[in-house]
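We use all heavy atoms of the structure for the numbers below, so side chains are in, but hydrogens, waters and symmetry mates are not. Numbering starts at 1 and runs along the sequence shown.
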Amino acid sequence: MACGLIVASAITPVVLAQQPLDWDQVKARFIANNPALKADADNVDEMQAEEITAYLRPNPQFTLSADGNQVAPHNGVWTPLKGTTEQPNVSYLHERDHKRELRLESAQEGTRITQSQHEDLERNMVFALRTAFVGTLQAKYIFDLAKADLDYYDKIIDISRSRFKAGDLAQIDLDRIELLRVQYESEIENAIVNLRTAKIQLLQMLNDRTPIDQFDVTGPFDFSDALQPLDSYRDAALAARPDLQAALQTIQQSQTNHRLAIANGSTDPTYAAWFTNNSSTNNPNGPQTLGVSVNIPLRIFDRNQGEKKRTQIDIDRSQQASEATRAQVFSDVDTAYELVRSNIALLKPYKEKYNEQALRVRDTVTFAYEHGGASLMDFLNAQSDYRQVQLAYAQLLGAYLTAVGKLDLAVGKK
């Protein structure tokens, strides 16, 4: 038994890192788990519940009255219940001019507006998620560059030590080379901090409690020079932007509210019917009677003119707001399109020319330095230039991917 306990205690659990998540998986988790997005989705359900309230019918009214009770003796006779009349009354308010239908239509349009606004919020939050995702990919790329640079520099240090032992390199030059290693170590640490910070931000948006060391993402960190004509993006934005759809739906709701205001100005009759037992009528053979009535308010003073005017003004306000939103759509698309075009123009020479040139210069100068054909300063400058080119390329890739995400945001994609 003791031996078994010792063996069991010696077995430690192995924590396995989860598989890296691609963009589609990250977005699916975000939509399913983000609390802010889920809370906003409840607004749509609330608006749908208000549709039920808007379409409710008026309840009928029931009244039961009794009259004719003798309260005091008269001429020595007291029969308190002999002349009592019982009268149950049922009345119902009839809403004219389709008030219920218009209230329901307005509520349904309000639900559609809320749904479009929720989609617009989701569109903006997905863009923020995509920016964090691209930032994580960029941090991983820069971290890999920093590790590769440090490994390469360590090889140079080994070569320099060999040259020093052979008497081909001065002590001061070797010291300078070894001292510069601290810059690469600093870059590694900065890259680690940036990568972990990017993962923390991404995990927060996903509402995920996975440890940072077990969380990772993957995806292409590259660019494509394919770009459609500007008009195609504009047309797609006009068809898909949820904020523009919400603005157009607001116009429809304003028009419905105006028709409802006109309908509310119409008179609604109240129909009533009652039954009387032991009635006092001119018909001695009719102690039980049935009566009906129609109550029609007289519209001497129209008390709904202000609401009619307000809803008419609201139609014009909604139309102007939709035009402003349409102009914003064009501005967003044009701005994002220019950002993508500019980043492509900057990235193409790096991929076609500058990256290879920086690598070729570094390797050539390094080879010459190893064989005594180049000075220490030439080698350090070539290494620094290579690092700067690679870092600039990584930053441009991140800016390009963010700009593509912004173009998708402007077009209305999620």
Side-chain angles (χ1 to χ4, degrees), residues 43-114 249-315 318:
N43 292 334
V44 180
D45 296 334
E46 290 179 359
M47 292 298 297
Q48 289 177 338
E50 290 186 7
E51 295 178 15
I52 301 174
T53 303
Y55 200 56
L56 291 178
R57 297 177 182 272
N59 283 315
Q61 302 292 323
F62 175 77
T63 305
L64 178 63
S65 59
D67 196 9
N69 295 313
Q70 185 181 7
V71 297
H74 181 69
N75 294 329
V77 178
W78 185 38
T79 54
L81 301 178
K82 183 178 181 180
T84 300
T85 60
E86 300 86 11
Q87 189 177 74
N89 182 298
V90 178
S91 61
Y92 182 75
L93 175 68
H94 174 66
E95 293 184 303
R96 298 174 56 245
D97 291 347
H98 307 288
K99 292 184 179 67
R100 282 180 60 240
E101 289 78 6
L102 288 172
R103 285 199 302 268
L104 176 61
E105 184 178 348
S106 178
Q108 290 173 338
E109 289 167 348
T111 301
R112 288 193 287 270
I113 293 171
T114 305
Q249 290 162 352
T250 302
I251 297 176
Q252 297 177 355
Q253 188 186 42
S254 299
Q255 294 170 345
T256 301
N257 289 339
H258 181 62
R259 288 188 287 132
L260 179 59
I262 295 175
N264 286 334
S266 63
T267 57
D268 294 331
T270 302
Y271 303 114
W274 61 89
F275 171 80
T276 305
N277 182 42
N278 196 20
S279 65
S280 57
T281 63
N282 294 327
N283 183 3
N285 297 318
Q288 296 177 341
T289 60
L290 181 67
V292 295
S293 69
V294 179
N295 185 353
I296 302 176
L298 299 178
R299 292 186 59 205
I300 299 176
F301 305 103
D302 192 342
R303 301 171 63 87
N304 210 44
Q305 291 295 345
E307 186 66 11
K308 294 177 184 178
K309 183 66 175 178
R310 185 197 67 79
T311 52
Q312 182 65 53
I313 295 174
D314 193 52
I315 293 175
S318 300

Under 3.5 Å donor-acceptor, [X] side chain and [Y] backbone:
| X | Y | answer |
| --- | --- | --- |
| Asn264 | Leu260 | yes |
| Ser266 | Ala263 | yes |
| Arg103 | Tyr55 | no |

Close side-chain approach of Gln253 to Ile113, heavy-atom, < 4.5 Å
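When only atoms from C-beta onward are counted, Ile113 and Gln253 do touch, with a gap below 4.5 Å.
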State the [atom1]-[atom2] distance between [X] and [Y], to the nearest 0.5 angstrom.
| X | Y | atom1 | atom2 | result |
| --- | --- | --- | --- | --- |
| Ser106 | His258 | OG | NE2 | 13.5 Å |
| Gln255 | Asp314 | CD | CG | 10.5 Å |
| Ser91 | Phe62 | OG | CZ | 10.5 Å |
| Leu104 | Thr53 | CG | OG1 | 11.0 Å |
| Gln249 | Thr111 | CD | OG1 | 10.5 Å |
| Gln108 | Gln252 | CD | CD | 12.0 Å |

Write down the atom of [X], the atom of [Y], and the distance for their closest heavy-atom approach.
| X | Y | value |
| --- | --- | --- |
| Leu290 | Trp274 | CD1-O, 3.1 Å |
| Tyr92 | Pro58 | CE1-O, 3.0 Å |
| Arg96 | Asp268 | N-OD1, 3.1 Å |
| Ala272 | Asn89 | CB-OD1, 4.1 Å |
| Asn304 | Gly265 | ND2-N, 3.5 Å |

Crowding at CZ, Arg57 (>12 non-hydrogen neighbours, <6.0 Å):
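Check fails, neighbour count at 12 or below.
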Flag if over 12 foreign heavy atoms under 6.0 Å of NE2, His98
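Incorrect, the count does not exceed 12.
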Please test Thr311 against Asn257 for side-chain hydrogen bond (donor to acceptor under 3.5 Å, both in side chains), starting from the C-alpha separation and ending with a verdict.
CA-CA 6 Å; Thr311 52; Asn257 289 339; over 6 Å; no
Walk me through it: do Arg259 and Thr256 pass the test side chain to side chain contact (heavy atoms under 4.5 Å, CB included)?
CA-CA 5 Å; Arg259 288 188 287 132; Thr256 301; 3.5 Å; yes
Step-by-step side chain to side chain contact (heavy atoms under 4.5 Å, CB included) determination, Glu109 to Arg112
CA-CA 5 Å; Glu109 289 167 348; Arg112 288 193 287 270; 3.0 Å; yes
